[in-house]
Amino acid sequence: MGVLFSVMAGIVLIRQLLVWGPEFVGDFLFNGEITNEKVSMIMLAFGIFMIALGFRKHEQKR
């Protein structure tokens, strides 16, 4: 599930970089409004968090 979030966020960010360019994406990322780029960064962080939870070891109770 974490990989899915990360891949989708990566696709959106790469698409925005190709369409708008790095200057506009940077402006959209750091302005005061909720934009697609900010949602993509949140999705990427959540995906990495989910992947990290997947690698966590669970100890069995005896």
Heavy-atom side-chain contact between [X] and [Y] under 4.5 Å:
| X | Y | result |
| --- | --- | --- |
| R15 | N36 | yes |
| I51 | V3 | yes |
| L13 | M41 | yes |

How many angstroms lie between [atom1] in [X] and [atom2] in [Y], if you round to the nearest 0.5 Å?
| X | Y | atom1 | atom2 | answer |
| --- | --- | --- | --- | --- |
| N31 | E33 | CG | CD | 5.0 Å |
| L18 | I14 | CG | CD1 | 7.5 Å |
| Q16 | F24 | CD | CZ | 12.0 Å |

Exercise. Should the heavy atoms of other residues, nucleotides or ligands under 6.0 Å from CD1 of I34 be counted, would the total exceed 12?
Worked result: no
Taking all heavy atoms of [X] and all of [Y], pick out the closest pair and write down the distance.
| X | Y | answer |
| --- | --- | --- |
| W20 | V25 | CB-CG2, 4.3 Å |
| K38 | G32 | NZ-C, 3.9 Å |
| S40 | A9 | O-CB, 3.2 Å |

Say whether [X] and [Y] are linked into one hydrophobic cluster, either directly or through other cluster members, by side-chain heavy-atom distances under 4.5 angstrom.
| X | Y | result |
| --- | --- | --- |
| L4 | M50 | yes |
| F28 | F30 | no |
| M1 | F46 | yes |
| F55 | V7 | yes |

